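Remarks on the structure that follows.
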Protein chains: 2
Amino acid sequence: MTDTLSSPAKPRARRRSTGREPLTRDQLVASAIAIADAEGLDAVTIRRLAADHGVTPMALYWHVKDKDELLDAIAEHLFATMVLPEPSSRPWTDQLREIFAAFLVSVRPHPEVAGLAMTRIFGSPAGLEVTERTLAELRRGGFTVERSSDIACYALAALIALVRAEPACGPNGVKSEEATRAKRALLTSLPHEQYPNVVASSDTLAGRSSRDSYFSLGLDLLIGGIQANAPKRAAKSA
Amino acid sequence: MTDTLSSPAKPRARRRSTGREPLTRDQLVASAIAIADAEGLDAVTIRRLAADHGVTPMALYWHVKDKDELLDAIAEHLFATMVLPEPSSRPWTDQLREIFAAFLVSVRPHPEVAGLAMTRIFGSPAGLEVTERTLAELRRGGFTVERSSDIACYALAALIALVRAEPACGPNGVKSEEATRAKRALLTSLPHEQYPNVVASSDTLAGRSSRDSYFSLGLDLLIGGIQANAPKRAAKSA
DNA sequence: ACCTGAACACCGTTCAAGT
DNA sequence: ACCTGAACACCGTTCAAGT
C-alpha cells in the first residue's frame with residue numbers, strides 16, 4: 001500500500017528521550033497521499049500532517065522547505081512508482097500506448113493528486129523519463145521536433161484529465177456515493193426535450209463506476225488521434 | 001474586457017448615505033476572474049475581493065452563499081460567454097470541431113479558472129448545452145449512448161487540459177516570463193545523452209508562446225481520435 | 001435590501017530556542 | 001540532527017446588529 005515509501009520501521013538508535021521515531025520525508029509524502037485519497041487534496045495541511053504524526057507543525061519544516069516542496073515530492077512519488085516498458089522494435093504507436101498505460105497505472109489510484117503532476121513533470125527524473133520516451137516515439141513516428149513536444153504536452157495533460165474526470169472521483173469513500181446519486185437525480189430531472197441526450201446518458205455522466213473500459217477508450221482516442229495526424233511515409237493500404 | 005458582465009454603471013437610486021453603488025454578483029464574478037487572470041486563482045479571496053470593492057468581507061455573503069458558490073458563478077460565466085455554432089447538416093466531425101473550438105474560445109483567455117469548469121459543467125445551463133450538443137453529434141457519428149458520454153467527458157476534460165497545459169500559463173504578466181526562462185535553462189542543462197529529445201525540445205516544452213497552432217493541433221488530435229474510433233457504417237474509400 | 005463589527009476556528013510560515 | 005513555543009499575517013464563516 002505504501003509501496004516504495006515504506007521503510008524498515010526498525011527503531012534506529014533513538015537519539016534522545018522522545019519515545020518516537022524521527023519523521024522522514026517519505027513518511028510525510030506517504031500520509032499526505034493517503035489523506036488526499038481519502039479526504040481530498042484540501043485536507044492535506046501542514047498542521048493536519050503534523051497532528052497525524054504526533055508532532056508540532058513546525059517540525060515539518062525540518063524535512064521540507066515549503067508546502068510547495070511537499071506537493072512537489074508527492075508528484076515526484078507518483079512518477080517514481082511508474083514502470084515504463086522496455087524500448088523495443090515494435091511499432092511506435094504500440095510503444096506509445098504502453099508508455100501511456102504505464103503512466104495511467106500509477107496516476108489512476110490517486111486522482112486527487114493527479115492535478116499536481118501536470119505542472120511538475122519536468123521537476124522529477126521519472127517525469128523527465130516519460131517525457132523523453134514519449135518524445136522519442138513521436139519522433140520515430142515522423143513528427144517534427146516542435147509537433148512532437150506539442151503532442152507530448154497534450155498527451156500527458158489529456159491522460160491526467162482522463163484520471164481527474166473519472167467518476168469515482170471526489171474524495172473516495174462515503175460521500176462520493178451519495179453525491180453521485182444526487183448528480184444523477186439532477187440530470188434525469190432535466191427537461192427531456194431540451195437535453196434529450198444528456199438525460200439519456202445521465203447514468204454514465206453522473207458517475208459510472210471506475211471502469212477499465214473508460215480508460216482504454218481514452219487510450220484509444222489518444223493514440224488514434226496521434227496516429228491520424230502522423231505524417232504518412234508511404235501510402236500504406238488504408 | 002468585462003464582456004457580458006459590465007453593467008450600465010448609472011447611479012441607480014442610492015438608498016442611503018453610503019456614497020457607493022451597491023455591489024452586484026456580476027461585479028464580483030468579473031473582478032474575481034480579473035484577479036485570477038492577473039495573479040492566479042489563489043489570489044481570489046473573499047477578503048481580497050471585498051477590499052477591492054471597498055467593502056467588508058462579510059458584505060459578500062449577501063450576494064453569494066459560499067466561496068464555492070462564487071467559484072460556481074465563475075465557471076457558469078465562462079460557459080455563458082460561449083457561442084455555439086448553429087446545428088447544420090454538415091458532417092458530424094465538422095460540427096464537433098466547431099463546438100470544441102467555441103468552447104476553447106471562451107475558456108482559453110482564462111486558463112487560471114479553467115480547472116473550475118471541469119467539475120461544474122453540469123451545474124449551468126450553458127454547460128449542459130455544450131454537453132448536449134456534443135452528445136448529439138457523437139450519436140450522429142454512430143457511437144452508442146454509453147460510449148458517447150464517455151467520449152464527451154474525455155473531450156471536455158481534454159480541452160480544459162489543453163488550456164491549462166498552455167505555456168503562457170501561470171498567472172499572466174511579469175513573472176511568467178522569467179519563470180519560462182528558468183524552466184528553459186533547466187531543460188537545456190539536462191544531460192544530453194540521457195534526455196536527448198527533451199533537450200532538443202526545451203524551447204517548445206518550457207513555454208512556447210500562446211500559439212494558435214498548438215490549439216488547432218489539439219483539436220486535430222481530439223477529432224482525429226474520435227473519428228478513428230467511430231463505427232464505420234459502410235466501407236468508404238480510405 | 002444591503003452592509004458592518006466582533007469573534008471563531010482554521011491556515012502557512014518565521015524566528016529563536018531547546019535537547 | 002531534530003523538534004518545540006510563541007507569534008504573525010493571513011484565510012472562510014457565523015451571528016447579531018445597524019440603516
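As the structure is a prediction and not an experimental result, all values here were calculated from the model. Naming convention: chains lettered A, B, ... in sequence-line order (proteins, then strands); numbering from 1 in each chain.
Whole-Å rounding puts the A/W62 CH2 to C/dT19 C1' distance at 13 Å. Residue B/K67 contributes atom NZ, which lies 14 Å from atom P of D/dT14 at whole-angstrom precision. Distance CG (A/D66) to P (C/dC11): 17 Å, rounded to an integer number of Å. A/K65 places its NZ atom 20 Å from the P atom of D/dC2, with the value rounded to the nearest Å. Summarising the geometry, the separation between CD1 on B/I46 and C1' on D/dT14 is reported as 13 Å, rounded to the nearest angstrom. The CG-P distance, from B/L70 to D/dG12, rounds to 10 Å in whole Å.
Between C/dT13, D/dT13, D/dC3, one nucleotide has an atom nearer to the side chain of A/P22 than all others, and that is D/dC3. When distances are taken from the side chain of B/M58 to each of C/dA6, D/dT4, C/dC3, the shortest belongs to C/dA6. Here C/dG12 is the nucleotide among C/dG12, D/dC15, D/dG5 with the atom lying nearest to any side-chain atom of A/R47. The side chain of B/Y61 sits closest to D/dT14 out of C/dG12, C/dC3, D/dT14.
We find that A/D68 and A/R120 are joined by a salt bridge, their nearest charged nitrogen and carboxylate oxygen being less than 4.0 Å apart. Under 4.0 Å is where a charged nitrogen must lie from a carboxylate oxygen, and between A/D212 and A/R108 at least one such pair does.
For A/S202 (side chain) and A/V198 (main-chain N/O), no donor-acceptor pair under 3.5 Å exists by modelled atom type.
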Using atom types as modelled, flag every donor-acceptor pair under 3.5 Å from a side chain in residues 44-58 of chain B to any protein atom, sequence neighbours excluded.
residue: B/R48; atom: NE; partner: B/D52; partner atom: OD1; Å: 3.3
residue: B/R48; atom: NE; partner: B/D52; partner atom: OD2; Å: 3.2
residue: B/R48; atom: NH1; partner: B/E39; partner atom: OE1; Å: 3.1
residue: B/R48; atom: NH2; partner: B/E39; partner atom: OE2; Å: 2.9
residue: B/H53; atom: NE2; partner: B/S31; partner atom: OG; Å: 2.8

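Contact detail for A/R164 and A/A114: the closest heavy-atom pair is CG-CB, 3.9 Å. Heavy atoms only, all atoms of each residue included: A/H110 and A/L78 are closest at CD2-CD2, 3.5 Å.
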Give the dot-bracket line for DNA chain D from 5' end to 3' end: parentheses for intra-strand Watson-Crick or G-U pairs under 3.5 Å, square brackets for crossings, | for inter-strand pairing, dots for unpaired.
||.|||||...|||||.||

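For B/T45, a side-chain nitrogen or oxygen approaches OP1 or OP2 of D/dG12 to under 4.0 Å. Within the 4.0 Å cut-off from OP1 or OP2 of D/dC3, not a single side-chain nitrogen or oxygen of A/H53 is found. Residue A/H63 places no side-chain N or O under 4.0 Å from the OP1 or OP2 atom of D/dA1.
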